[in-house]
Amino acid sequence: MNRDPRDFVAHEAALLDERRFDDWLALFAGDGHYWVPLLGVAQADPFSHNSLAYEDRLLLQLRVDRLKNPRAHSQHPASHCQHVLQPLRIEEETSDAVRLRTPFLYIEARGESQVLLTGTARHHLVRTSTGWAIREKRIDLLNAARALPAIQLFI
Amino acid sequence: MSSYLHHPDRVAALVQDDRVHRDLYLSEEIFALEQEHLFANIWIYLGHASQVPEPGDFVAQDIAGRPLLMVRQPDGAVHVMYNRCAHKGTQLVTDECGNAGRFFRCPYHAWTYKLDGAPLGVPLKSGYEGTQLRACDSGQGLSVVKHVKVYRDFVFVRLADSGPSFEDYFGEVLGAIDNMVDRSPEGKLTVGGGVLRNIVHCNWKMYLENINDTVHPMSTHESATKAAEALWEGHAPSDPKPMAMEQILPFGSGYEFFDKMGGRVFANGHSVLGVNFSIHSNYAQLPEYEAAMRSAHGEERAAEILQRSPQNSVFYPSLSVKGSPQAIRVIRPLAANRTLIEAWSFRAAGAPALLFERAMSYNRLVFSPMSVVAHDDVHLFESIQQGLRAGGNEWVSLHRNYDPAELTQPTLTTNGTNELLMRNQFRAWAKSMVAGMEAAA
Ligand code: FES
Ligand SMILES: [Fe+2]
């Protein structure tokens, strides 16, 4: 599936918007990470400065499993999200890896309230026997270091 | 209609021995009175001196609705001034931090001030000859906060001219800052990794109560802890855990665990939860770090410092400290129904990088706007803020383990699930509010 990495990013966002979290998690490579740096685009690494989220598959699995638990109180009512993607750009491409940047708007809605975030998603994809897999999904938020309300799903 | 202004008796009546009135959380009038009589009259945490390492470095921070500037002086001291030009009130800086160079220059009409706020120069100086400027407050330079205490690099301010001294106000709970700083073999902490900031739509007191609430983790955090337990199932208790597991799994400890961890209350609303042990007690040992601690502090003192890892130490009403992991939360009330929570991590000089990683990881997992643990807390705080508007019952229950004998004992050690820690906060609240209102009357 998804030979063209351009389709991959739209597909990945659609899985989140459809709350198909298990299918989404399956897109990650075994050593894959999901990273939302606290300094946004200015941050060099996830170790010298903190992040809003820096998660390996184990932690992402924990999040996904938590969302399924009926006692996830903050999910009554459930949150829903919508990714609005701008055309993506290929930053770097080799025969078995590609780096993409996709500016986006992200809306997370729950009950009466909506959270609007914007920034650039940067995907580092690697080729596997079954298609592309995410080695890193990095989200550079426009206003990452400002005070934020709860963000409950995946940007 | 004003119900509380000029009525200290009505304010005091909101706090009873074993329950409190909902207006404490809902009333904007009470919030305005808190700005004036609570946050201004007692010692509030402003920031850490390591945020301003070099002369001219500043941090802008509102306290009790007043914009303040914490500034490093050329002689190394830390001063605090109002971020308000003496001419017409322009804020001297609008960045949240930075370096002013050798002096502050107002962007509006270019009045300048030394780093300690003293007046330096004004354009068209001759125009002030024969005027009353010198005699006016505006001629004195920036208004300075006189009561500033830098305790082991933790900077606190008291805005009001009168009030308790720093030592009298905090007393024994200062041991919690000592413990955190002494965890550095060199006795030095610096903030690191930035600050995680959350806006929570609830009253600040609710957040502070929850810091002392040990009965909620089992039910509130069930979704996160059950998911973690299921993922970790099959591992032997001795298996080395990834840091995230080490930090999340203990939230699922039972009532007995939290009860036995014990708590201690002090005068003025402060408390230490987890005087015996806590969810932070069983992080993996680090032999080399412990050796460094022994050579810095001696065998006995090092053991004492490392064995002490309370759940939370509350410096009422603005600061909560976790010695291990080295993290603090700062409570910044914005409105009756809106609170900013900051989570800061520290590097300890002479300690391995792993300690800093623990602080950052803990803050990220538990206090980030994208936390795995806090969403359920935040949802419930916001739910309480709505639920309290319901008619019928106007009271919030704090009855658990109430004992009239506690009323006469300023310092007391109790079981960990005792709501005394919260009652103690509200008693301090009523005391400070009434004292401030009576003094103003
Ligand atoms: S307001 Fe600052 S110089 Fe005029
Ligand atoms: Fe909690």
Take a 6.0 Å sphere around CG of Asp62(B) and say whether it holds more than 12 heavy atoms from other residues, nucleotides or ligands. yes
Proximity breakdown for Arg110(A) and chain B, heavy-atom pairs closer than 4.5 Å: side chain
Residues of residues 201-230 of chain B with any heavy atom under 4.5 Å of a heavy atom in chain A: Ser219(B), Thr220(B), Glu222(B), Ser223(B), Ala224(B), Lys226(B), Ala227(B), Ala228(B)
For residues 234-245 of chain B, run the donor-acceptor check on the side chains, cut-off 3.5 Å, and write out each pair with its distance to 0.1 Å, sequence neighbours left out.
from, atom 1, to, atom 2, distance (Å)
His235(B), ND1, Trp232(B), O, 3.0
Asp239(B), OD2, Ala236(B), N, 3.1

Among residues 16-23 of chain A, residues within the sub-4.5 Å heavy-atom range of chain B, in order of number, are none
Does atom CZ of Arg6(A) have more than 12 heavy-atom neighbours from other groups under 6.0 Å away? no
Which region of Ala72(A), side chain (C-beta onward) or backbone (N, CA, C, O), has a non-hydrogen atom less than 4.5 Å from a non-hydrogen atom of chain B, or is it both or neither? both
So which of Ser345(B), Pro369(B), Ser361(B) has the biggest tally of heavy-atom pairs under 4.5 Å with chain A? Pro369(B)
Tell me, side chain or backbone of Ile341(B) under 4.5 Å from chain A's heavy atoms, or both, or neither? neither
Contact class of Phe356(B) relative to chain A, heavy atoms under 4.5 angstrom: side chain
Measure Val372(B) against the heavy atoms of chain A and call it side chain, backbone, both or neither at under 4.5 Å. both
Segment of Glu96(B) engaging chain A (4.5 angstrom heavy-atom cut-off): side chain
Are the side chains of Met370(B) and Ile155(A) in touch, meaning some heavy atoms are under 4.5 Å apart? yes
Could you check which of Gln61(A), Arg71(A), His76(A) has the highest count of heavy-atom pairs closer than 4.5 Å to chain B? Arg71(A)
Kindly determine whether His375(B) and His73(A) satisfy side chain to side chain contact (heavy atoms under 4.5 Å, CB included), including the steps that lead there. CA-CA 8 Å; His375(B) 289 148; His73(A) 312 292; over 6 Å; no
Looking at Ser383(B), Ala359(B), Ser371(B), which makes the most heavy-atom pairs under 4.5 Å with chain A? Ser371(B)
Using a heavy-atom distance cut-off of less than 4.5 Å, which residues of residues 32-59 of chain A contact chain B? Tyr34(A), Val36(A), Leu38(A), Pro46(A), Phe47(A), Ser48(A), His49(A), Asn50(A), Ser51(A), Leu52(A), Ala53(A), Tyr54(A), Glu55(A), Leu58(A), Leu59(A)
Closest approach of Ser74(A) and Asp376(B), non-hydrogen atoms and distance? N-OD1, 2.9 Å
Ranked by heavy-atom pairs below 4.5 Å to chain B, first place among Val64(A), Leu67(A), Ile151(A) goes to Ile151(A)
